[in-house]
Number of protein chains: 2
Amino acid sequence: MMKKGCPFGTHRVIEPKGVLPQPAVKIDNSMEIYDNEILIDVHTLNIDSASFTQIKQEANGNEEKIKEIMLAIVESRGKHQNPVTGSGGMLIGTVEKIGTALEGKSNLKVGDKIATLVSLSLTPLQIHEIISIRKEIDQVDIKGKAILFESGIYSIIPNDLPQNLVLSVLDVAGAPAQTAKLVQPGHKVVVIGGGGKSGMLCLYEAKKRAGKDGQVICLAPSEGSKERVMSLNIADNFIVADATNAVEVMDKVKEVTGGEMADVVINCVNVANTEMASILAAKSDGLIYFFSMATSFTKAALGAEGVGRDNTMIIGNGYTKGHAELTLEIMRENPELRRVYQELYA
Amino acid sequence: MMKKGCPFGTHRVIEPKGVLPQPAVKIDNSMEIYDNEILIDVHTLNIDSASFTQIKQEANGNEEKIKEIMLAIVESRGKHQNPVTGSGGMLIGTVEKIGTALEGKSNLKVGDKIATLVSLSLTPLQIHEIISIRKEIDQVDIKGKAILFESGIYSIIPNDLPQNLVLSVLDVAGAPAQTAKLVQPGHKVVVIGGGGKSGMLCLYEAKKRAGKDGQVICLAPSEGSKERVMSLNIADNFIVADATNAVEVMDKVKEVTGGEMADVVINCVNVANTEMASILAAKSDGLIYFFSMATSFTKAALGAEGVGRDNTMIIGNGYTKGHAELTLEIMRENPELRRVYQELYA
Ligand SMILES: NC(=O)c1ccc[n+]([C@@H]2O[C@H](COP(=O)([O-])OP(=O)(O)OC[C@H]3O[C@@H](n4cnc5c(N)ncnc54)[C@H](OP(=O)(O)O)[C@@H]3O)[C@@H](O)[C@H]2O)c1
Ligand SMILES: NC(=O)c1ccc[n+]([C@@H]2O[C@H](COP(=O)([O-])OP(=O)(O)OC[C@H]3O[C@@H](n4cnc5c(N)ncnc54)[C@H](OP(=O)(O)O)[C@@H]3O)[C@@H](O)[C@H]2O)c1
């Protein structure tokens, strides 16, 4: 008989008691499953970009030190939640066991290869060995096990796309799916940090939704990203700028939009202090979608008030219905974009 | 001829160059106005509570020392931004001069008494004399001048309401004004922290908007708030609970909504770790408005994803168009609520 579990995994929380697994400081990562859990044999961790950047910095890029930091995080917390950034990532693995209470509730079977779409910041995890680190794409191959709770979302890895590509784009699937919901025909859209993994998917989706009367602008600091984005034809304009400089961003967005500014700003950066640039890039009643986990709630709230802006500012929920399907479909629709993602992130 | 200014006041920034006045270390507080500025003859500073507490402590409660510290802050920074807490406050004064570029842009006139609704942490200020200090309510009467930038928001002090009541409710005016925009007829609404200053205004506005087919639920931990809120008739139900306990909150909201959960959740607490309760109180596609400054961006974003919830989560911008008028109108509409606010907050 398996023990009965809570759908959200509260039965695994060790400290502090009564909270959910995500805010918990420590969770139980023993691998005997409850009746509503799924046991996964883990192949690969895809560490959240903000988290992995922090870890690499702390380790001065040294691989052994990166391993040590990762193992220490899981050792102390029972999950791979970076104590500095608070964020996690996701994983790929094979279903090893399914709790009895889940039988008949989905068509998932033992042996299926899945990507979990809930954060590693709440997923019970054991790392037995770190096999290899692919620093440029934030992926780490391991031997280990993990637990998926009943409320946890996942995606079965499709056969027509390479696994690493799938993992890599599913990590940021919320961003293009939200873009699809927010961008209307004719909109002017600025994607701050549009040269990165989530950013290019947002640009692609924004161009599709804004249509020929719309205008899609990518903003990022590097010339390399400019070349790539413009040759992919996923933005109408590219602004080379540092988004921690709010006034410069405002001036440049003003210039390329003919003074109108953006209806929708999507923030996909992996650095702090870009709230103000996001606010000043938008129309005074424009919508700002913060996907970046480096966003500060108070900087956004007080920043908008300080300049008298009536912006709607949305916290980037990583999940929205159909986000995995929409994002994988982008990879099928656009072979050039897919080639770039394959090269850069898979 | 007046000099031309930037709407956000960047022309006043001395150090470091290129940033906005709020993050600046030093701004120019000379009182010759630019063409888009307003000169204010200041009567009273309302120092942010965190800032004034720090100043009183540093001064050991000594009034002359408090004056010295305040004068030194303005002397070195050109604004009353506490270097320890980073925070400001607001001010009350009389309009003395209006820049030529603002003519016809609003109905503000010289001689109007206004409260500035942007922080003192970005407002150019000169203090000529500190007249008196009201330590208990963080207010300081001065002789001095201040500058309001073009983007700076303000409210004309009405004659029919006591000045201290006006100041107190304007501080949280964004919350009821956003509630008015978000709540639709028939909605089920939960206000978490509904027993406090911003919360009761939200309850009142939510009941008005949700109408007789709606349901408005207040959640707060104290029995005292329950009595007050229920006797004011601004909520249909009151849940006595601690919002740091997400699972308990979910169960109780399920009970009072007959299993439906909330269309809109408004978070007005003054404590940390209530993101998850807000998410679990909502329908799986419900809307959550975080007014509380104790909200963590990552806890909200990862929390919703972690339980597979497709919620829209909004960052509580302190400003929205018409927020001051709407909030002062509540005080006029409901004499009982006004009496309670007068007693508790003025
Ligand atoms: N909300 C969620 O559920 C969720 C889920 C996953 C990830 N995330 C977050 O999403 C963010 C982006 O992830 P990603 O994988 O897309 O990152 P990424 O591939 O590293 O892309 C980052 C982008 O930001 C740009 N950038 C860096 N510094 C900048 C600056 N100062 N000004 C303007 N742009 C700057 C980069 O510019 P270049 O192109 O010039 O290098 C790049 O285009 C991260 O913060 C991550 O934590 C959120
Ligand atoms: N976004 C903005 O621009 C802006 C502007 C101003 C203020 N704020 C923020 O708004 C928040 C509320 O301000 P306020 O002046 O309304 O505060 P307040 O008057 O102190 O009210 C706080 C409310 O939270 C309740 N509460 C405390 N602990 C709780 C818990 N564990 N579970 C559930 N409820 C709990 C209190 O319960 P009882 O009634 O039982 O005491 C009270 O009802 C603060 O965080 C403030 O920083 C934001």
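A, B, ... follow the sequence lines: proteins, then strands. Residue 1 opens every chain. Worth knowing before you read on, the calculation uses all heavy atoms, side chains too, and leaves out hydrogens, waters and symmetry mates.
- Taking CG of B/Leu302 as the start and CG of A/Leu20 as the end, the distance is 13.0 Å to the nearest 0.5 Å.
- Only the backbone of B/Ser292 comes within less than 4.5 Å of a heavy atom of chain A; no side-chain atom from C-beta onward does.
- For B/Ser119, no part sits under 4.5 Å from any heavy atom of chain A, backbone or side chain.
- With a 4.5 angstrom heavy-atom cutoff, B/Ile153 touches chain A only via side-chain atoms.
- Residue A/Thr123 does not touch chain B at all, counting heavy-atom pairs closer than 4.5 Å.
- Interatomic distance, CD1 of A/Ile315 versus CD of B/Glu275, reported as 8.5 Å (0.5 Å rounding).
- Among B/Asn311, B/Val247, B/Val19, the residue with the largest count of heavy-atom pairs under 4.5 Å with chain A is B/Asn311.
- The structure places CZ of B/Phe297 at 6.0 Å from CE of A/Met293, a figure rounded to the nearest 0.5 Å.
- Chosen from B/Val118, B/Thr298, B/Asn245, B/Thr295, the residue pairing most often with chain A at heavy-atom distances under 4.5 Å is B/Thr295.
- Contact count against chain B (heavy-atom pairs under 4.5 Å) is highest for A/Leu280 among A/Thr10, A/Leu280, A/Ile288.
- For B/Leu117, the part sitting under 4.5 Å from any heavy atom of chain A is the backbone (N, CA, C, O) and nothing else.
- Separating the CE atom in A/Met90 from the CD atom in B/Glu305 is a distance of 8.5 Å, to the nearest 0.5 Å.
- For a residue to count as touching a neighbouring chain, one of its non-hydrogen atoms must lie under 4.5 Å from one of that chain's; by this rule B/Leu122 touches chain A with the side chain only.
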Q. Which is it for A/Lys181 and B/Thr312 under the side-chain contact (heavy atoms from CB on, under 4.5 Å) test, yes or no, and what are the steps along the way?
A. CA-CA 11 Å; A/Lys181 282 163 83 177; B/Thr312 299; 5.5 Å; no
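- Only the side chain of A/Ala246 comes within less than 4.5 Å of a heavy atom in chain B; its backbone stays farther off.
- Here the straight-line distance linking atom CG of A/Asp285 with atom OG1 of B/Thr320 works out to 9.5 Å at 0.5 Å rounding.
- Formation of a donor-acceptor pair under 3.5 Å by the B/Asn317 side chain with backbone atoms of A/Met313 is not found in this model.
- Nearest heavy atom pair, residue A/Gly306 against residue B/Ser151, reads O-OG, 4.3 Å.
- Residues A/Phe8 and B/Met250 form a side-chain contact, since some pair of their non-hydrogen atoms from C-beta on lies under 4.5 Å apart.
- With a 4.5 Å cut-off on non-hydrogen atoms, B/Phe290 touches chain A through its backbone and its side chain both.
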